Amino acid sequence: MTPDALAALVSASVTDLIQANKLCLPEGYLVNASVERPKNREHGDYATNVAMTLAKPAHTPPRVIGELLAAELEKSPAVASAVVAGPGFVNITLEAASQGEVASRIVAQGDHYGQGTSQRGRWINIEFISANPTGPIHLGHTRWAAVGDSIARVLRAQGADVTREFYINDRGVQMDRFGESIMNAAHGRPAPEGGYHGSYVKDLAAEIVANDRGVTDLPIDEQLVMFRELGYRLMLEAQQESLTRFGTEFDVWYSERTLHESGAVDRAFEQLRGQGHLYEAGGAIWLRTSDFDDDKDRVLVKADGDLTYFASDTAYYVDKRARGADRCIYLLGADHHGYVNRLRAVAACAGDDPDANIEVLIGQLVKMVKGGEEVRMSKRAGNVITIDDLVDEVGVDAARYSLIRYPVDSPLVLDVDLLLRRSNDNPVYYVQYASARIASVLRNAAELGIDWRTAAFDPALLDHERESDLLGVLGEFPRIVASAAELREPHRVARYLETLATAYHRFYDVCRVLPMGEEPVDGRHVARLWLCAASRQVFVNGLGLLGVSAPERM
RNA sequence: GCCCCCGUAGCUCAGGGGAGAGAGCAGUGGCCUCCGGAGCCAUGCGCGCAGGUUCGAAUCCUGCCGGGGGCACCA
């Protein structure tokens with residue numbers, strides 16, 4: 001019996017009590033019956049607090065309700081015992097057979113186990129990274145490359161229609177500075193004021209000159225355009241390659257230029273003007289965001305006629321909505337938190353509900369430590385740590401896992417020395433090792449000619465305490481995925497996999513799976529192989545949600 | 001000045017109202033006759049402070065203290 005099924009049983013039991021007039025609730029009262037895994041194993045396999053929540057509306061002491069409910073629950077053949085404890089918890093112990101069924105259910109569902117419908121019907125646009133095409137993807141972006149991608153995976157697993165989008169800021173004066181920086185490098189001159197310095201600028205210059213020999217002889221205006229446009233293309237391709245290598249794919253790469261060329265900006269202005277939120281002052285055109293919780297109004301068109309960056313942001317939001325997204329998620333760094341209110345105000349100005357149609361997640365910054373020293377990043381000096389540096393250093397799996405493992409609202413310190421360690425202090429290996437260990441057991445079973453899939457599976461044989469613990473953890477997976485999706489917190493999946501790894505190792509330590517020596521294969525071996533297969537499946541599914549591999553061997 | 005995030009074990013950090021608050025690391029001591037020791041077991045009086053809401057608060061609210069980040073007709 002799954003936790004959901006048990007919760008439904010508790011709910012049905014409460015309904016039965018009401019219909020039998022043993023419990024009286026106000027008309028239309030909605031019973032919210034949930035079960036949780038108690039921290040303490042002595043409190044049974046599952047516990048429900050519903051008796052305590054019903055005490056007030058039913059005008060009955062919680063323990064009295066608990067007794068009634070426990071008696072009702074014990075009528076079910078799946079329930080071994082139900083007892084009232086503490087202030088009014090009902091602690092439920094399942095029959096081994098009922099609990100063991102979880103294993104066969106997981107194997108049957110395969111890749112689908114953990115998927116759900118909690119986000120079905122939502123059309124979500126999730127935009128992340130959106131690095132300027134003037135430099136490589138750096139460490140700060142990389143946190144979002146991992147987390148954003150994983151959020152998208154988790155949302156999809158819960159039935160949402162998700163568009164992963166990367167916004168390319170290919171318009172504006174930084175593009176000219178970028179082009180000029182490359183051009184200067186090609187001529188052996190230093191970068192201009194406010195330009196770009198990294199060694200990659202020299203590399204771009206060299207590549208462009210090699211491909212287009214005559215470029216340095218062109219008139220300066222034409223050269224600038226050439227270096228800018230060719231540099232842009234090369235940089236964008238490099239970014240895309242880096243992200244592909246990192247396992248992060250986008251459904252849409254959206255160019256700011258096309259936003260303007262397609263007329264999307266004009267359309268957005270029209271819409272906002274029609275809704276009465278545009279006005280002119282001091283020669284500039286403003287959006288009255290202060291009507292909606294912004295500190296002050298924002299300029300869309302400067303007095304000199306140029307559009308602000310914010311104008312693009314505004315049009316871009318309106319365009320996303322016009323393309324059908326009913327919820328736009330933005331993943332931004334902590335240095336952009338000042339944008340939250342104005343983006344929400346944009347949604348409100350466009351006639352949307354900021355609480356429903358827009359969602360801005362702010363992630364704290366990432367630091368990297370090596371040899372006990374912080375690796376300093378300075379854009380000015382050009383010594384940025386890139387996504388490729390990180391992957392070269394520790395590999396995709398360790399990089400992704402350690403970036404996802406922590407909630408994004410706390411600053412993150414990546415210790416490279418620790419990430420390289422192949423031991424327990426590096427959780428990604430701990431998890432992958434458990435998964436690979438199972439794969440090995442399943443391989444050995446096949447070599448011994450044990451066809452556990454077709455053999456009779458008796459779930460009641462999984463009655464060891466460690467087996468019961470493991471089954472309980474396996475059963476939690478769907479709820480973990482659902483909460484990770486709802487809260488946009490994929491780190492919950494990573495943490496869950498660590499507890500699953502522990503539960504598996506503990507089981508494996510005391511429960512022999514395969515027959516020893518000439519011992520004949522019996523039902524217990526078969527049942528444990530089902531349990532192993534189920535565990536392996538959850539590792540595969542869970543790691544898949546993180547974009548981390550589940551190797552057969554390590 | 002205003003805004004956002006964070007204060008949990010020696011260290012790095014989990015804990016979206018529930019029962020003596022957890023994990024890894026570091027330290028100490030155990031566990032290999034065959035399925036992967038990258039493993040398992042034992043050993044731990046810590047929720048920054050003060051109020052409040054609640055049957056119940058590390059979790060929600062308010063104020064303070066301490067740390068990090070941010071305020072643009074830049075991009």
Side-chain angles (χ1 to χ4, degrees), chain A residues 36 38-40 42-43 47 49 52-53 55-56 61-62 85-89 91 132 134 169 171-175 177-178 194 256 281-286 295-296 298-304 306-312 333-341 362-365 367 405-413 415 418 421-434 436-445 447-448 466 483 486-487 489 491-492 494-496 498-499 501-502 504-517 519 525 528-529 532 553-554:
Chain A
E36 61 181 27
K39 278 176 279 190
N40 189 337
E42 288 163 19
H43 294 150
N49 65 352
M52 288 182 285
T53 65
K56 194 174 268 184
F89 291 101
N91 295 336
N132 283 351
T134 54
N169 297 127
R171 202 174 163 281
V173 303
Q174 92 279 3
M175 291 303 292
R177 284 207 279 263
F178 175 59
E256 187 183 359
I285 297 176
W286 300 69
D295 310 335
K296 54 182 179 182
R298 306 287 168 178
V299 172
L300 293 175
V301 184
K302 294 188 259 184
D304 63 11
D306 283 350
L307 292 163
T308 61
Y309 190 80
F310 182 65
S312 294
D335 51 342
H336 283 73
H337 96 265
Y339 274 57
V340 177
N341 277 349
I362 297 296
Q364 300 298 314
L365 306 176
K367 277 196 292 196
R405 188 170 178 258
Y406 303 92
V408 294
D409 51 12
S410 60
L412 177 56
V413 178
D415 185 335
L418 196 149
R421 236 175 284 164
R422 310 190 136 213
S423 63
N424 210 347
D425 37 344
N426 192 351
V428 67
Y429 291 116
Y430 181 68
V431 172
Q432 287 183 318
Y433 176 69
R437 211 181 195 188
I438 304 173
S440 169
V441 171
L442 295 173
R443 270 197 306 274
N444 294 344
E447 274 171 32
L448 291 172
R466 300 281 174 90
S483 72
E486 187 191 335
L487 299 168
E489 290 185 347
H491 77 273
R492 287 167 187 275
R495 299 289 174 159
Y496 166 81
E498 289 166 32
T499 71
T502 297
Y504 182 80
H505 285 313
R506 282 166 55 83
F507 150 75
Y508 182 85
D509 202 48
V510 295
C511 296
R512 173 81 198 189
V513 178
L514 298 174
M516 300 228 272
E519 190 188 356
H525 299 128
R528 286 178 173 170
L529 280 165
C532 285
R553 299 170 208 269
M554 293 172 68

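From a predicted model like this one, the values you see are computed outputs, not experimental measurements. Chain letters run A, B, ... following the sequence lines, proteins first, then strands; residues in each count from 1. All heavy atoms count here, side chains included; hydrogens, waters and symmetry mates do not.
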> Under 4.0 Å: is that the gap between some side-chain N or O of A:K39 and OP1 or OP2 of B:rA19?
yes
> May I ask you to verify if any side-chain N or O of A:H491 is less than 4.0 angstrom from the OP1 or OP2 atom of B:rG15?
yes
> For A:F89 and B:rA19, is the gap between ring centres under 5.5 Å while the planes differ by less than 30°?
yes
> Check every strand shown and say whether A:H43 touches a base, only sugar-phosphate, or nothing at a heavy-atom separation below 4.0 Å.
base
> Remember a base hit wins even if backbone is also touched, and classify A:A334 as base, sugar-phosphate or nothing at under 4.0 Å, heavy atoms.
sugar-phosphate
> At under 4.0 Å between heavy atoms, what does A:V513 touch on the DNA or RNA strands: base, sugar-phosphate, or nothing?
base
> Would A:Y406 count as stacked on B:rC13 if the rule is ring centres under 5.5 Å and plane angle under 30°?
no
> Would you please confirm or rule out a distance under 4.0 Å between OP1 or OP2 of B:rG36 and any side-chain N or O of A:N444?
yes
> Any base atoms under 4.0 Å from A:A436, or only sugar-phosphate, or nothing? Heavy atoms, all strands.
base
> For a quick check of understanding: with a heavy-atom distance under 4.0 Å over all strands, which category does A:A47 fall into, base, sugar-phosphate or nothing?
base
> Please state whether the phosphate of B:rG24, meaning OP1 or OP2, lies under 4.0 angstrom from any side-chain nitrogen or oxygen of A:Y429.
no
> Base, sugar-phosphate, or nothing: which does A:E486 touch, judged by heavy atoms less than 4.0 Å apart?
base
